[in-house]
Every structure is written in C-alpha cells, then in structure tokens.
Amino acid sequence: MSRIGKQPVALPDGVTASVSGQTIEVKGPQGVKTFTATDDVTLEVNDGVVTVTPRGKSKRARQQWGMTRTVVSNLVFGAKETFKKELEIRGVGYRAQLQGNVLKLNLGLSHDVDFPIPEGVTVTAPKPTELVVEGTDKQLVGQVAANIRDWRRPEPYKGKGIRYKDEYIFQKEGKKK
C-alpha cells in the first residue's frame, strides 16, 4: 500500500477539478493546469476531493499510484498559489541582475552568463546576491533554480557559489601548513 497514494487530495476554495478519461484539469485563480495519468491508475473527483487508485497489483501500478497523487497535489497547490525557490550567491564579485527577460550572472568566469528566463517562471533579484524563482509549476520552478545553480555550484572549501537559501554546505578543512 502506498502511504502517499491512498491519501485523498482536498480541493481548496476557488479551485475546481474535472476528469475526462485519464486527464485531470484543475482550474484556480492562478490558471488552468492539466495532467494526463498513465493507464495504471484511476482518477476520481467526488465532493471536493480527488482520489487516485491503482488498477491492479503490479509494481508499475503501485509506483504510478503515489507519483500521480503527488503530481495532482502539486497541480491543486499551483492553481491556488505559487511555488518559490530562493537562491543566494556567495563569493567576492559574484552577483546577478535582471535585464528584461534575461538574468545576467557574474560568477568569476571569463565571461558573464546570460540565462534566458523561460515562460511560466518569474525570477526576481531583491539584492545582487539573492534570487527568487517563482511559478505555478513545481517541476519547472525547481528545474530553473537547478539550472541557475549549475553555473557555479558551492565549493566545499570556501563555500563560494550559488546555493539554495536553506542548503547546508559541509566545509572541508584546507591544507595544513
């Protein structure tokens, strides 16, 4: 039994869901989101609650059960509110600034990095060393934040680089003299 999959997803006020075949459509103040589930699970909407049940006892059906329930939960949350990832930049001279729909990153490379911001995501820079990635699609927000972080991952000796706000970087001890 999937502990995640058997929990129903409650629809908050202002959010509605409808199922047609294997596709669920969630409407809310932030827009309309759709997801097509595999044939291994069944989606049902009853009394403001979305339930996901597996079709059979195969391993794939049990895997899709929990994953589908989590994706539906993220759709419902994204239709009501926005997902947010905060990044911080550490290092001498490392900074970020927005120029239209392009994020310019100074990361100690021989050139500035121009990162185009994709549709469906907003990136803000409250300070030159802080970035906030927001959007209604959890997967897209996480992927954009990971792509920005990949330009200069935090290194273990001084901790320089781009890190998530709540991320802990284990600091190694340097060479002993």
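Sequence positions, counted from 1, serve as the residue numbers for this chain.
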Asker: Just grab all the side chain to side chain donor-acceptor pair (under 3.5 Å) pairs involving residues 68-88, residues at least two apart or on different chains.
Answerer: E88-R90

Asker: Identify, with sequence neighbours excluded, every residue that meets side-chain contact (heavy atoms from CB on, under 4.5 Å) alongside T42.
Answerer: E44, T53, R55

Asker: Taking salt bridge (charged side-chain N to carboxylate O under 4.0 Å, His left out) as the test, write out the residues that go with K127, two or more places apart.
Answerer: E130

Asker: Kindly check if the number of other-residue, nucleotide or ligand heavy atoms within 6.0 Å of CG (D13) is above 12?
Answerer: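 No.
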
Asker: Name each donor-acceptor pair under 3.5 Å that joins a side chain in residues 97-106 to protein atoms two or more places apart or in another chain, with its distance.
Answerer:
from : atom 1 : to   : atom 2 : distance (Å)
N101 : ND2    : I117 : O      : 3.4
K104 : NZ     : D114 : OD1    : 2.7

Asker: Should I89 and R95 count as side-chain neighbours, where that means a heavy-atom distance under 4.5 Å?
Answerer: no

Asker: Could you pull out all residues at least two apart from K175 that satisfy side-chain contact (heavy atoms from CB on, under 4.5 Å)?
Answerer: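 Per chain and number, K175 pairs via side-chain contact (heavy atoms from CB on, under 4.5 Å) with no residue.
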
Asker: Could you pull out all residues at least two apart from P154 that satisfy side-chain contact (heavy atoms from CB on, under 4.5 Å)?
Answerer: R149, R163, E167, I169

Asker: The criterion is salt bridge (charged side-chain N to carboxylate O under 4.0 Å, His left out); which residues satisfy it with D40, sequence neighbours excluded?
Answerer: R60

Asker: By side-chain hydrogen bond (donor to acceptor under 3.5 Å, both in side chains), which residues pair with S18, not counting sequence neighbours?
Answerer: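 side-chain hydrogen bond (donor to acceptor under 3.5 Å, both in side chains) check on S18 returns nothing, list empty.
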
Asker: Under the side chain to side chain contact (heavy atoms under 4.5 Å, CB included) rule, what do T16 and L11 come out as? Steps first, then yes or no, please.
Answerer: CA-CA 7 Å; T16 59; L11 297 173; 5.8 Å; no

Asker: For L140, give me all partners under side-chain contact (heavy atoms from CB on, under 4.5 Å), at least two apart in sequence or on another chain.
Answerer: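 Once residues adjacent in sequence are excluded, the partners of L140 under the side-chain contact (heavy atoms from CB on, under 4.5 Å) criterion are V121, D137, V144.
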
Asker: Could you name each residue pair satisfying side chain to side chain donor-acceptor pair (under 3.5 Å) that touches residues 115-125, not counting sequence neighbours?
Answerer: none

Asker: Flag the pair Y94 / T129 as yes when at least one side-chain heavy-atom distance between them is below 4.5 Å, and no otherwise.
Answerer: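 No. Closest side-chain heavy atoms not under 4.5 Å.
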
Asker: Please name all residues satisfying side-chain hydrogen bond (donor to acceptor under 3.5 Å, both in side chains) with D150, sequence neighbours left out, ordered by chain then number.
Answerer: R153

Asker: List the residues meeting ring pair (Phe, Tyr, Trp, His ring centres under 6.0 Å) with F77, not counting sequence neighbours, and say none if there are none.
Answerer: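 With neighbours one apart ignored, the set is F83.
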
